[in-house]
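Data block below; observations after.
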Amino acid sequence: MQSYNGQFLRRKEMEALGVTCRGDDVSIHVSVVIINPTGLQIGHGVRIDPFCLLSAGGRIRLGDHIHIGSHCSLIGGAGIDLEDFAGVSHGARLFSTVDDMDGSHLTGPTVPNEFRRIVSSPIRVKRHAVIGTNAVVFPGVTIGEGSIIGALSLVREDVPDWSIYAGIPAKRVGTRGKDLLRFEIPLAEK
């Protein structure tokens, strides 16, 4: 298959930047912007597609078999953990740090912190959870194991394991099956 500007950095290039790679088969497109590479930890079988922003001010940890689609932002000022087999679909945004915009303080990174009210809390995306296209996840949220966040959803509260959530704000719309778990052992044996 031909490609134009389809270059991906591999483990060796990532480690030269200061990224911690715990596994092999790492592919990060050359257009991905990484703020604080030493705060980024990557497992085995990770692919990050073009035009993403990974701001690892606190820490971003990616487990094994993670895919982050193009045009995603992971703002990890307070930390973001994506556990094994988690996925972030095209255009999704995860913010572990945001400005409180209630009007009581100034906002924006050009304003000294003493004049801002910053909301900051880690995000955790558990095993097999997938965040849908253009969804937004706010600080302090845990997406439960195997859960799905629908496209264009806004997640401000924790999502229970094996749930399907969608909407603004995201609400439970269903339950996800667990049949996919049977593939973990055969994959590990490969």
Side-chain angles (χ1 to χ4, degrees), residues 8 21-29 31-34 40-56 58-76 78-98 121-188 190:
F8 283 81
C21 294
R22 299 182 324 275
D24 296 316
D25 194 20
V26 174
S27 299
I28 298 178
H29 194 268
S31 67
V32 172
V33 174
I34 302 171
L40 180 58
Q41 301 172 11
I42 299 176
H44 174 78
V46 172
R47 188 177 99 193
I48 303 173
D49 289 346
F51 312 115
C52 290
L53 169 62
L54 304 178
S55 182
R59 176 185 49 103
I60 296 176
R61 188 191 70 77
L62 307 177
D64 295 341
H65 302 288
I66 302 290
H67 176 238
I68 299 174
S70 64
H71 299 89
C72 290
S73 299
L74 278 67
I75 310 301
I80 296 175
D81 286 318
L82 272 67
E83 296 180 2
D84 298 348
F85 303 102
V88 181
S89 299
H90 179 92
R93 310 281 187 241
L94 285 69
F95 297 100
S96 68
T97 301
V98 297
S121 188
I123 292 174
R124 182 176 179 200
V125 181
K126 291 185 176 181
R127 297 169 56 80
H128 299 290
V130 179
I131 298 171
T133 299
N134 289 322
V136 176
V137 179
F138 274 9
V141 169
T142 295
I143 308 294
E145 180 176 342
S147 291
I148 298 291
I149 304 302
L152 302 170
S153 295
L154 174 64
V155 185
R156 298 184 301 191
E157 297 178 357
D158 291 350
V159 173
D161 294 349
W162 302 99
S163 299
I164 301 170
Y165 269 58
I168 300 174
K171 297 189 183 310
R172 187 184 189 108
V173 296
T175 301
R176 186 175 185 208
K178 299 180 185 178
D179 292 344
L180 59 92
L181 294 174
R182 73 181 187 275
F183 294 110
E184 278 191 44
I185 293 173
L187 177 63
K190 281 189 134 193

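Excluded from the calculations below are hydrogen atoms, water molecules and symmetry mates; all remaining heavy atoms, backbone and side chain alike, are included. Count residues from 1 along the sequence.
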Expected list for residues 128-146: side-chain donor-acceptor pairs under 3.5 angstrom, two or more places apart:
residue, atom, partner, partner atom, Å
His128, NE2, Glu184, OE2, 2.5

Exercise. Nearest 0.5 Å, what's the CG-CG distance between Leu187 and Asp64?
Worked result: 9.5 Å

Problem set entry | Contacts of type side chain to side chain donor-acceptor pair (under 3.5 Å), residue Ser55, not counting sequence neighbours | none

Seminar exercise, completed: In terms of heavy-atom contacts, Val159 and Tyr165 come closest through CG1-CD1, 3.6 Å

Problem set entry | Whether over 12 other heavy atoms sit under 6.0 Å from Arg172 CZ | yes

Exercise. Closest heavy-atom contact between Phe95 and Ile75?
Worked result: CD2-CG1, 3.5 Å

Problem set entry | Pairs meeting criterion salt bridge (charged side-chain N to carboxylate O under 4.0 Å, His left out) with involvement of residues 82-92, two or more places apart | Glu83-Arg124, Asp84-Arg127

For this session: Mark yes or no for whether Thr175, through its side chain, and Ser163, through its backbone, hold a donor-acceptor pair below 3.5 Å.
Result: no

Exercise. Pick from Leu74, Leu62, Thr97: which one makes a side-chain contact (heavy atoms from CB on, under 4.5 Å) with Ile80?
Worked result: Leu74

Problem set entry | Exercise: identify the closest heavy-atom pair between Gly69 and Cys72 | O-SG, 3.2 Å

Problem set entry | Non-neighbouring partners of Arg47 that pass side chain to side chain donor-acceptor pair (under 3.5 Å), sequence neighbours left out | Asp49, His67

Problem set entry | Closest non-hydrogen atom pair between Ser147 and Pro160, with its separation | OG-O, 2.5 Å

For this session: Look up atom CG in Leu94 and atom CG in Leu53, then write down how far apart they are to the nearest 0.5 Å.
Result: 11.5 Å

For this session: Please check if the side chain of Ser153 supplies one atom and the backbone of Gly167 the other of a donor-acceptor pair under 3.5 Å.
Result: yes

Seminar exercise, completed: Rounded to the nearest 0.5 angstrom, the CD1-CG distance for Ile60 and Leu54 is 5.0 Å

Problem set entry | Contacts of type ring pair (Phe, Tyr, Trp, His ring centres under 6.0 Å), residue His65, not counting sequence neighbours | His44, Phe85

For this session: List in chain and number order the residues that pass side-chain contact (heavy atoms from CB on, under 4.5 Å) with Lys178, two or more places apart in sequence or in another chain; answer none if no residue qualifies.
Result: Trp162, Leu181

